[in-house]
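Data first, discussion second: the structure below is written as structure tokens.
Not measured: the values here are computed from a predicted model. Basis for what follows: all heavy atoms, side chains included, without hydrogens, waters or symmetry-related copies. Letters go in sequence order (proteins before strands), and every chain restarts at 1.
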Amino acid sequence: MKLVYFAWVRERIGHAEEEVDLPDDVVTVAGLLSWLAGRGEEYETALKHASAIRVAINQEHVAHDARIEGAREIALFPPMTGG
Amino acid sequence: MKLVYFAWVRERIGHAEEEVDLPDDVVTVAGLLSWLAGRGEEYETALKHASAIRVAINQEHVAHDARIEGAREIALFPPMTGG
Amino acid sequence: MSAPIEPAVRIQREDFDLAHESAALCAGRTDIGALVTFTGLCRDEAGTLAALELEHYPGMADAEIRRIARQAVERWPLSGLRVIHRYGKVRPGDNIVAVLAASRHRQAAFDAAAFMMDFLKTRAPFWKKEHRSDGSEGGWVEARDIDDEATQRWREPSAADR
Amino acid sequence: MSAPIEPAVRIQREDFDLAHESAALCAGRTDIGALVTFTGLCRDEAGTLAALELEHYPGMADAEIRRIARQAVERWPLSGLRVIHRYGKVRPGDNIVAVLAASRHRQAAFDAAAFMMDFLKTRAPFWKKEHRSDGSEGGWVEARDIDDEATQRWREPSAADR
């Protein structure tokens, strides 16, 4: 599965995208966030205020309780500041 | 005193402005409107729905109960349709 | 909040150029975060209108729009406010009126522009007469009750609109 | 009410010209009575900002703004709707975003433009990073709660807003 990161999430993790193989028990966005936070200090720092992280699956906003099965691309980013 | 007319008030009365000498007992806008309506058929037609007529004294909107003393210029016109 | 700015008001027969007006309002400034422009145009959906004749009350038209504009700059923290209203003959597709409101943030700019238009519609001394394509006179455009109602929403303190 | 029109959405690095966009929206049409434009600009009141870096999520930025724009054209009777959002580096005074909404009457045009901006601010995947004049990094601009709150007012049926 492809993960993409933007803004300070990207900066703190240290790269803009990666391919990951998820364990079978990671089935929701919330599960993905806590699994990622355990992958190292940079992930832990980037995701420590998990509730502030916005998530899109296949380029559509989703809530943290959304299921991730069938996702091709999951994006993590801070609240948006465009406009 | 100078009276000025606009839009269909002007068209019905037949001229755009005139000087008038008001009787002493005409002291409000409402009084002016009924005095004018008695000046001839064209005035009567123009002013027959008196409540629809808008009035400005010295280029400021006023209500029909406004006093007219001190007025240099009184304008009568229909509801506005600019913008 | 700094002192209210001086609004710019013009009543003119000639057309105006929105781009030119926007550029003049924003030139050399870095304190404008939001610019809202409203342009009112001459419509002719039925295809029967040759022109609108815009009659106005010279002097009062300018004075009344300035009175409305002064209320707007006192009510919202604007960086710029510009109003242009044409008179004379306009054809379908032509510009009639423009309001430009600039501020730090968008809500003040949106509110000020909408406020200007609501009051301009019901208080600025302009009247529209239709000239039909078949040569006949179409008569005077009637005022719409909805325009009077639109002004009512501004009666509340502005904080309640946010 | 006729079928909703197709909104035009562009995500681009280059600047845009509001006059050109307005002209394109209105060209040859006589059914537009009201055009509201919103322009968002890069502000720098303190004089300490060298530039804003606008990061975006390619693909989703376009898709999300189209989703918002489709809601707008279904909710209001618009004759035209156009949205342009820039990415990359912008300097104080530069354009960032434009929304143009055209309709027969002004209220629909005002409402649609304000609605687009409220949702664009909170849902379109763009992030601003400050670069300071002294060469230091100013950090990421923080989202404002007031922008989330602004979207709440659109929850009611649109008739209640009028």
Side-chain angles (χ1 to χ4, degrees), chain C residues 2 17-23 25-49 79 91-107 109-111 113-118 120-121 144 146-147 149-150 153 161-162, chain D residues 2 17-23 25-49 79 91-107 109-111 113-118 120-121 144 146-147 149-150 153 161-162:
Chain C
S2 44
D17 174 13
L18 194 64
H20 174 80
E21 303 298 336
S22 301
L25 198 71
C26 296
R29 302 191 59 163
T30 55
D31 61 334
I32 295 176
L35 170 66
V36 170
T37 78
F38 174 88
T39 312
L41 302 108
C42 177
R43 260 186 320 134
D44 174 33
E45 279 162 287
T48 56
L49 186 73
S79 329
R91 296 184 187 282
D94 282 357
N95 293 321
I96 293 174
V97 61
V99 170
L100 296 89
S103 187
R104 286 185 192 81
H105 298 293
R106 71 188 183 285
Q107 198 56 52
F110 270 120
D111 285 349
F115 170 94
M116 281 305 308
M117 282 309 303
D118 284 349
L120 196 149
K121 280 260 175 192
R144 304 189 312 158
I146 197 178
D147 286 328
E149 288 156 19
R153 64 181 165 142
D161 303 327
R162 309 273 162 90
Chain D
S2 46
D17 174 13
L18 194 64
H20 173 81
E21 303 297 335
S22 301
L25 199 70
C26 297
R29 303 190 60 161
T30 56
D31 61 334
I32 294 176
L35 170 66
V36 170
T37 77
F38 174 89
T39 311
L41 302 108
C42 176
R43 257 188 320 136
D44 174 34
E45 279 163 285
T48 57
L49 186 73
S79 327
R91 297 183 188 282
D94 282 357
N95 293 322
I96 293 175
V97 61
V99 171
L100 296 88
S103 187
R104 287 184 191 79
H105 297 293
R106 71 187 183 285
Q107 199 55 53
F110 270 120
D111 285 349
F115 170 93
M116 281 304 309
M117 282 308 304
D118 284 348
L120 195 149
K121 280 260 175 191
R144 303 188 312 158
I146 197 177
D147 286 329
E149 287 156 20
R153 64 181 164 142
D161 302 325
R162 308 274 162 91

Determine the option with the most heavy-atom pairs under 4.5 angstrom with chain C, choosing from [options].
options                                 : value
Arg104(D), Glu149(D), Met117(D)         : Arg104(D)
Ile96(D), Val97(D), Asp118(D)           : Asp118(D)
Ala109(D), Pro92(D), Gly33(D), Gly47(D) : Gly33(D)
Ala19(D), Gly40(D), Ala114(D), Gly93(D) : Ala114(D)

Among the listed options Arg91(C), His20(C), Lys121(C), the residue most often paired with chain D at heavy-atom distances under 4.5 Å: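 Heavy-atom pair counts peak at Lys121(C).
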May I ask you to name which of Leu18(C), Ile146(C), Asp147(C) has the most heavy-atom pairs under 4.5 Å with chain D?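 Result: the option with the highest number of such pairs is Asp147(C).
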Show your working on side chain to side chain contact (heavy atoms under 4.5 Å, CB included) between Leu35(D) and Ser22(D) and close with a plain yes or no. CA-CA 8 Å; Leu35(D) 170 66; Ser22(D) 301; 3.9 Å; yes
Go through the steps to decide whether Val36(C) and Val36(D) satisfy the test side chain to side chain contact (heavy atoms under 4.5 Å, CB included), and finish with yes or no. CA-CA 7 Å; Val36(C) 170; Val36(D) 170; 4.2 Å; yes
Knowing that exactly one of Phe115(D), Phe110(D), Phe38(D) qualifies, which makes a ring-ring contact (aromatic ring centres under 6.0 Å, His included) with Phe110(C)?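 It is Phe38(D); the other options fail the test.
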Chain D contact via [X] - side chain, backbone, both or neither, heavy atoms under 4.5 Å:
X         : result
His105(C) : side chain
Arg106(C) : both
Ala98(C)  : neither

Nearest heavy-atom pair of Leu41(D) and Ala34(C): which atoms, and what distance?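 Minimum heavy-atom contact is CD1-N, 4.2 Å.
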Could you walk me through whether Leu49(C) and Cys42(C) pass side chain to side chain contact (heavy atoms under 4.5 Å, CB included), step by step? CA-CA 10 Å; Leu49(C) 186 73; Cys42(C) 177; 3.7 Å; yes
Using a 3.5 Å distance criterion without hydrogens, assess whether the side chain of Asp31(D) forms a donor-acceptor pair with backbone atoms of Glu45(C).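 No: the side chain of Asp31(D) does not pair with the backbone of Glu45(C).
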Will you find, in the side chains of Ser79(C) and Ser103(C), an N or O donor that is under 3.5 Å from an N or O acceptor?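 Checked: Ser79(C)/Ser103(C) side chains show no N/O donor-acceptor pair below 3.5 Å.
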Ala150(D) versus chain C, heavy atoms under 4.5 Å apart: side chain, backbone, both or neither?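 Interface part for Ala150(D): side chain.
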